[in-house]
Amino acid sequence: MPNEESQNQSLSRPRISAVLNTLNEEKRLSFALRSVRSWVDEIIVVDMHSTDATREIAEGFGARVFLHEPLGYADPARMFALEQATGDWIVLLDADEVVPRPLSLRLLEAARQDEADVVLIPWLNYVLGVPLRATGWGPSQDRHERFFRRGSVAAQSTIHAYLQIQPGARVMTLPYSEGLAVVHFSYLDVRHFVEKLNRYTDIEAERVHADPRAGSVPRACVRASREFVRRYVRHQGYKDGWRGFYLSALMASYRIVVAAKVREWRVNGDRQTVEAAYAAEAEKVLAAYSTGSVTAEAE
């Protein structure tokens, strides 16, 4: 049995793992790794076969690098990534996220003092060039369970909801103040936002296409309207100026696009099916050319 002194030492010095999933993140990864290397005991990077210098950068920081098949988005690979960590506590980051020093000290204190099993951390999201204060992305609105004791959180493949707090886990919510939020350098511009929206709506539509309600025009309109009102009115998106309005509208369009993709798959099939149908129609249009020359008919 461990004596009281060893128990106290274990409490005061928990082993911490930083876990990141990556794909072609050479421009941003070093910022994330620099923000954790001084206070974690190991860095785990699970890479989806990057074609740039991502893996070399990770190895340069002493990370243990593992490969995972590319899946189009990171969420299904989170479980594998967490399984590679050996720490008592885990901080889970993306390559575009940075932990400020005040936050790192607060997280270490929470772990050492056994204040909780899961810490909900505020997120300071930079979107379209500035940090948002509202629209659902403000640091007092957006929190994530990204620092937790091993086993208190489970990963799953569900998009946007890949972490599930386990029953019985003690949860502590950090209030936001300067330096006590993960800094997330998110969408660079509207084009970046729309590119990601297109990719994520593909994944979302595939996930919900079996739901008979998905693809309904009235339901899509209702969901889009609620999304806009939730972000722009309830989450005070108007405080973020033009960004708040357009981001609220774009998130409303997310609901429309998902429904449209579900409906078109049900009616039209996949892109190859439509391409084949177009080819058949083109052949019908061109069939007249096989019955005689244009010159002869003109004469």
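For residues 50-70, every residue pair satisfying the ring-ring contact (aromatic ring centres under 6.0 Å, His included) rule, not counting sequence neighbours, is listed here: H68-F80.
In terms of heavy-atom proximity, Q166 sits nearest to Q164 at NE2-O, 3.1 Å. Heavy atoms only, all atoms of each residue included: P102 and G179 are closest at CB-O, 3.7 Å. Annotation for S50 and R55: closest pair O-NH2, 3.1 Å, computed over non-hydrogen atoms. Shown here for V36 and A18, the closest heavy-atom pair between the two residues is CG2-CB, 4.0 Å. The nearest pair of heavy atoms linking L124 to P139 is CD1-CG, 3.9 Å.
For the pair R101 and W39, the cation-pi criterion (under 6.0 Å, within 45° of the ring axis) is not fulfilled.
Heavy atoms of other residues, nucleotides or ligands lying less than 6.0 angstrom from CZ of R219 number more than 12.
A salt bridge between D88 and R15 is absent, with no side-chain N of the basic residue lying under 4.0 Å from a carboxylate O of the acidic one. With respect to K261 and E204, no salt bridge is recorded, no charged nitrogen being found less than 4.0 Å from a carboxylate O. One finds a salt bridge joining R170 and D114 here, because a Lys/Arg side-chain nitrogen approaches an Asp/Glu carboxylate oxygen to under 4.0 Å. In this structure, R191 does not pair ionically with D189, as no charged nitrogen and carboxylate oxygen lie closer than 4.0 Å. No salt bridge links E227 with R234; every basic N to acidic carboxylate O contact stays at or beyond 4.0 Å. We find that R146 and D94 are joined by a salt bridge, their nearest charged nitrogen and carboxylate oxygen being less than 4.0 Å apart. With respect to R231 and D240, no salt bridge is recorded, no charged nitrogen being found less than 4.0 Å from a carboxylate O.
Atom OH in Y238 sits 11.5 Å away from atom OG in S248 (nearest 0.5 Å). One finds the OG1 atom of T273 at 4.0 Å from the CG atom of D270 (value rounded to the nearest 0.5 Å).
Partners of E178 by side-chain contact (heavy atoms from CB on, under 4.5 Å), not counting sequence neighbours, listed by chain and number: Y176. Residues meeting the salt bridge (charged side-chain N to carboxylate O under 4.0 Å, His left out) test with R64, sequence neighbours left out: E42. Listed by chain and number, the residues in a salt bridge (charged side-chain N to carboxylate O under 4.0 Å, His left out) with D142 amount to none (sequence neighbours excluded). Remark: E145 engages V118, L120, L163, I165 in a side-chain contact (heavy atoms from CB on, under 4.5 Å) (not counting sequence neighbours).
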Kindly indicate, with the supporting measurements, whether the criterion salt bridge (Lys or Arg N to Asp or Glu O under 4.0 Å) is fulfilled by D52 and K27.
-> CA-CA 10 Å; D52 63 6; K27 293 182 179 180; over 6 Å; no
Please walk me through it: do E115 and R106 pass salt bridge (Lys or Arg N to Asp or Glu O under 4.0 Å)?
-> CA-CA 11 Å; E115 295 181 54; R106 183 66 186 92; 3.0 Å; yes
Could you check D47 against T22 for side chain to side chain donor-acceptor pair (under 3.5 Å), going step by step and ending with a plain yes or no?
-> CA-CA 5 Å; D47 184 67; T22 58; 2.7 Å; yes
Verify salt bridge (Lys or Arg N to Asp or Glu O under 4.0 Å) between R112 and E109, making sure each step is shown before the conclusion.
-> CA-CA 5 Å; R112 288 170 176 164; E109 180 186 14; over 6 Å; no
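Y246 has its side chain out of reach of F193: every pair of non-hydrogen atoms, C-beta onward, lies at least 4.5 Å apart.
In the hydrophobic clustering, where aliphatic and aromatic side chains (Ile, Leu, Val, Met, Phe, Trp, Tyr) are joined below 4.5 Å either directly or transitively, V267 stands alone.
The aromatic rings of F185 and Y126 lie tilted to each other, with the angle between the two planes from 30° to 60°.
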